[in-house]
Structures are given as structure tokens and as C-alpha cells.
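Everything below concerns the one structure shown next.
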Protein chains: 2
Amino acid sequence: MANLKDLADHLGLSQATVSRALNDYSTVNATTKQRVLQAANHLNYRPNTSARRLATGRAGAYGIVLPKADNLLMDPHFVDFLSGLTTAFAAHDLDIVLTGAEGIQAYQRFANTGKVDGFILSSPKSDDPRIRLLSEMEVPFVVHGRCDVDLDYAFYDIRNRSAFRDATNLLLNLGHTRIGLLNGPSDAIFARDRLKGYTEALVTNDLIPDPTLVMHDMMTEEYGYRATGTLFAQPSPPTALLCASTLVALGATRRLRRDGLTVPEDVSIISHDDCLSSLKTENFSVPLSVTRAPIRDAGTEIAKLIIDLSRGAAIADIQKTVPVDLIVRASTCTAPQARS
Amino acid sequence: MANLKDLADHLGLSQATVSRALNDYSTVNATTKQRVLQAANHLNYRPNTSARRLATGRAGAYGIVLPKADNLLMDPHFVDFLSGLTTAFAAHDLDIVLTGAEGIQAYQRFANTGKVDGFILSSPKSDDPRIRLLSEMEVPFVVHGRCDVDLDYAFYDIRNRSAFRDATNLLLNLGHTRIGLLNGPSDAIFARDRLKGYTEALVTNDLIPDPTLVMHDMMTEEYGYRATGTLFAQPSPPTALLCASTLVALGATRRLRRDGLTVPEDVSIISHDDCLSSLKTENFSVPLSVTRAPIRDAGTEIAKLIIDLSRGAAIADIQKTVPVDLIVRASTCTAPQARS
DNA sequence: TTTGACATTGAAAGCGCTTTCATGAATCGC
DNA sequence: GCGATTCATGAAAGCGCTTTCAATGTCAAA
């Protein structure tokens, strides 16, 4: 395994010029640069990352801290998110460092060791203490989602509120007046935003939101199944369902079918679709109408954002909220009572 | 951000002693050790990882290389696997480095830079070239699963063959003679092993395996749905189904229900269960009978294995094949034709 | 011919840690 | 009470790279 010294000796040059050549400094002669590059390639030279890091002070990696009892890692969405992240990082020769650790001070510990240049925060809580801590430490970070803190921070988020407002409106236009919402966990911001959009649409249409139609929980298949059971056991059950994820929608349809209800004739469904690669909504028995926002995109976008941020971009320029498509397929139709 | 020199100056000691104290050398006086530890804690000192790596030559991290167009990251199992891995690593203050890269030489590039001390290989192909490369490079690595190479390498695997043999036997004992197998991708070793176990059981019971009853594909929900459709469109459809994953089983049950078939009266189902945290088989409408092997355990075990391996354990001691439980729940019963 | 600007390169000082080797001081056996 | 150990510490070399600063040589301008 050749090192810089070997390479320099081999070329009869100083380490300095070789290093400069490899890092494409303009001050080094074009022909020597060529020579160096060739020799490096020939000797299969790879600069030692630790040495370079030590010299430059930059790690070339970004961290994701996974609390031990994390529901992040219980989340199939995380895989697709990671996928987007790593492909985008690969192009810049950056890595992502996954570390399991307990408590908020893990971030501090981690950043201070210089292992990473910054962090990516997933599933932020409403008043997430990590934001304050990292801001104070002046460590670059990008949040996937948003929080309720009066701090300026970089984030990437989708328009959850308008997405669910639009979806609700569509159902209302189809004549549905009792719409169930199988939402995500109540302490998640995205769930709160979706609830806002849903409520907003109802209120705008002079309907009084019925809290018994709204459920909150971790977005598993079973939750979809159970919550649907609960909703339809009510005296006046909904005629339409809004689901927070495709897995939830899957559970919901399973329950509906068990109970002899058909989609969309008896019940319309709109689900939020993160475009998980192992669960495609267009291939559902009844192709699902969805609010569509590929979570993979979040990964690739956040990669770009944190790179910009590390290069000194203003935080205000690293705040992105992207729109969500509403795709109508076969799981939505006119409400039963609105049909002749 | 204090460094070693600051700390040493502050204590009136040399960097050497402080370093030794922090690394718990026995040669340093107990009271000074105390003093150092306290001061370090007080000054919130964290040794710089790059410097330490450079000095020791060890990275304190293991790598997972994700090919760009990877189906690893399309796999919900991967999340649970990672979860196990990181929690086990956290206890040893090790990290995992995720890197996106194309081609096999990515491993070489990656190891040579000293970013990681070794690798974890997922979804090995039958004659996986990575094994040979890494063996030659003498870089520690543990394979999740097994390959068809005549090299000695460290691995962790579950007894796929006996698991599916047992499951098939159970179904045979219940009187089923036509058993569908919704297997994983045909180029995956685990799928091949499962097929072996399945075939073995049939042959042992004097049945001729019918290739039209065996399907291979990526283990998605849709695959379960479609393949089940195909199987039951046959002139003599199966009375039992063996599924390679819970997502596949989910798709299968969806299809069966659509086609008006009930589980287990019309069709018995046994699925392999990796115990994904977002999809629990015990909560299926009809609780699933399963061959059970938590993939999370694979993560925690592999973490231990690679640590041992790096410490110089013999490869022969780092080859683990764990048994799989067969759990009978409500999705299996006597074959229809075997009932009076 | 002298001078200054420019283009290339090298020497060497770090980056922050570990670890070998040397050095005193204290302790022991006899 | 003296050499031989043991204990505890410090000085300093090095890990492999980057980067500042100085030192060449070259060439056009004066």
C-alpha cells in the first residue's frame, strides 16, 4: 500500500508537489500533474483518509445518530431515504456514518471527535432539543421535516398540510362528508401538519371535524387494520379514508375486505405515498389514489443541501418545502349517499 | 474544543501520561489516572478520531458498500438488520460507514483509504467476487448469508434449508401434497437453500417436485399477490403456500381473499418471518404459521463476529449457522382433501 | 545587464494523537 | 547501604497528509 512519500520518491518529486498535483492545484505544471496522476494510478495509490482529515480538519462524512430504541429503524421508509442519500453522496465521495447512541449528548460527543462534518436529523419532534444543541455547537445539519422551534435551521420537508388539504377537498368534492384520517404518531410534526390540512379543508367546507374520525399511531400495517376496524364500528362510519402511508393503507384495505366493504364503491381511499420501492401503490388490487412524494427524493435533496450548507450557504437558502402531487387512481369515487 | 495538549498543560502533565491515563494503561498511577479522567470530563475533552486513527492505524468503523442500483436498499429487511448492527456496535463505540459506490473495486478503494477496518457483506451472490477480492486483500469481513466459493470466509447464516424442509414436512403431514413455494430471487443463495429444503422434504415423502409450483422473484407484496394468482390459475392449484417473507405472505393472502379462498380452510400458509418491526405476523387477520428468524439478531450477531474477527479470531470460529424456529399458528390446517 | 514578475518546486511545520525509549525516584533483597 | 528492580513519568518520534513559506529558474520589461 503506497503512501505519499513512496509516490514522491518514485517520481523524484517532493511530497508537496505530488500532493498538489493530486489535489489539482493550478500552480503545478501540467505535464508533471499528468505524470503524477499516472504514477498514482499505476501504484494504486489511495490517500489515507485519517491523515487527510487530520490535516484538513474535514471528515468527508455526515452522521446519522440512531437512538437505541428507535422507531426510525423500525420504519421501512428509512431504507428508501438512505438509498437516496447514499447515491447522492457517492457522487461527491462522501460517506454517511451510522451510529447507535443514547441521548442528545451523543451528537456532541460525535461531532467533537471530528468523525463527521455534520448531521442529518430524521423524525424531529415538535420541540426537538437536538436543533438547539447543534445550532449552538455550530455544526451543520439538515432536518428531514420541520419543528416548532424559534431557531433558524436548515430543513427539507414536503407540503404535508396542503397535500392533505387537497386530498380532503377532493373527497369532499366527491360528496364524502365523513372522512376518516389514519394519521401518523401524534407527536410527529408531519402528522400534525396533515391533520391541519385535513381540518382546514373540512372547516372551509363548513363541516365540523369529528375527533372520533381521526386516529394516530405508528404507521404499521396492523395499525391500518385495527384503526379501520374501530372507525367502521362507529354508529356512523366514514365513507372515505385518508391514510398516512401505504402500509397503513394496506392494512385498511385488508380490514375493509374482511368486513365485506369494497373500494371504492363503499369506501374511497387516498393514501400518502412515499414511493417505497417494495410497495407500489399503482399495483394495489385497486390502484390507489395518492398524495405522492418519493422519500428517496428527500434523501438525494438533503444530500445536496447539507453539502451546500457545509460550503457556507446561508441557512435561509437551505430551507426547502416541496409540493406533493395528488394522483387520482381507482380507489376514489363519488360518495355512496351522493349517488342516485 | 480542548485537545490533548491543552489537557496536559492544564494538568501539568505530559501528553504521554495523559494519553496513557485516558487509555487506561496499567503503568499510570491510580490517583493521576483519576485526576486526568476528571479533568478530561470537566473540559469535555474528546480525542480527535482522525488523529487517533492515524496513530493507531485502526478506524473504529466497519463499512457497508451499497451498489447504486441496489436492491439491498429496496429491502425493508435491511432496516431491521441495520438496527441490530448499530445497537451492537454502539456498545463498543464502533460506527458503521455506509457508502454508495459502483463495482467491486469500490471495496478496494474504500479499504485502502483506511476509512474502515472491515466490511459487512449483504445479499451475497452464489459465486460472489467480493469474497475473493476481500480475502486476497486480507481485510476482515463477515458475510450475511453464504456463497458458493471454495474459500474460507466468515459468515452468519440461518438454516434456510432445514427451516423450509421442516415447514414443508409439516404441510405434508397435514395432508397437503401440492405446495406452492413463493421463493426469493433465484440468484440468492438463501432462496436456493430454501428450495433445496422444500425439494428434499417432497422427495423424502416420495413426491415429485412440480416446478410449476415454484416461483422466484424479489420479495415484494405485489409479487406475493401476482404469483399467488398465477399458482391458483393452474388446473390443479396448490392447497398450501410457502412464502419467503411476510410481505410476500401479505400479498398472497390479499390475492387469496380476492379470489374468495380462505386461510387456512382452503389454503394453508407458512411464511418465513424475519420479524420485521413494522409487520408482525402474529397480528395477521389469521395469525401466520412461520419459520421464525429475527433478522435483527443477524445484525447483532454479525457485529460481534466481526469484532472477534478483527481481534484475530480464526475464521473457522466465525462461521455461524443458526437454527430457525417453526412456529405454528392459525394459518395451517389439514388439507381439504384429507378432511372427511 | 538589471530587475521584477511569474511559474514551479521543495523544505518543513503542523494536524492531534500513540508509543517507544529513556530517565528518575522509590523499593527491594541481601 | 548498594546494586537491581519496579513504578511513574517525560521527551520525542512518527502516523500520512496539507499548506505556508522560501527558493529556485525563466522570461519579458526597463
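When reading the values below, keep in mind they use all heavy atoms of this one structure, side chains included, and skip hydrogens, waters and symmetry mates. The chains referred to below are lettered A, B, ... by the order of the sequence lines, with proteins before strands, and numbering in each begins at 1.
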Look at the rings of A:F119 and A:F110 and say which category their plane angle falls in: under 30° parallel, 30 to 60° tilted, over 60° perpendicular. tilted
Rounded off to whole Å, could you give me the CZ-to-P distance for the A:R53 and C:dC17 pair? 15 Å
NZ/NE/NH1/NH2 to OD/OE distance under 4.0 Å, A:K5 and A:D9: yes
B:I189 vs B:D157, side-chain contact (heavy atoms from CB on, under 4.5 Å): CA-CA, chis, key distance, verdict: CA-CA 10 Å; B:I189 297 291; B:D157 201 3; 5.5 Å; no
So CG of B:L22 and OG1 of B:T17: to nearest 0.5 Å the spacing works out to 10.0 Å
Looking at B:D117 and B:A59, would you say the former's side chain and the latter's main chain have a donor-acceptor pair under 3.5 Å? yes
Within a radius of less than 6.0 Å around CZ of A:R132, do more than 12 heavy atoms belonging to other residues, nucleotides or ligands occur? no
Under a 4.0 Å N-O cut-off, is there an ion pair linking A:R146 with A:D128? no
Measure NZ/B:K33 against P/D:dC7 and give the value in whole Å, please. 13 Å
Considering heavy-atom distances to DNA chain D, does A:Y25 or A:S50 have its closest nucleotide positioned more toward the 5' end? A:S50
Measure the distance from CG on A:D24 to P on D:dT19 and round it to the nearest whole Å. 14 Å
Do nucleotides 8-15 of chain C as a string where each nucleotide becomes B, S or -: B if the base has a protein heavy atom under 4.0 Å, S if just the sugar-phosphate does, - if no protein is that close. SBBB--BB
In whole Å, what is the span from the CG atom of A:N48 to the P atom of C:dG16? 17 Å
From OH of A:Y45 over to C1' of D:dC17, roughly how many Å is that when rounded to an integer? 7 Å
For the helix from C:dT1-D:dA30 to C:dC30-D:dG1, what angle separates the axis at the start from the axis at the finish, each from five pairs, in steps of 10°? 50°
Starting at CG of B:N23 and ending at C1' of C:dG16, how long is that distance when rounded to a whole Å? 13 Å
B:D24/B:K33 ion pair, N-O < 4.0 Å: yes
Sequence neighbours excluded, the answer for side chain to side chain donor-acceptor pair (under 3.5 Å) partners of B:H144 is none
Taking CG from B:L4 and P from D:dT9, how many angstroms apart are they, rounded to a whole number? 15 Å
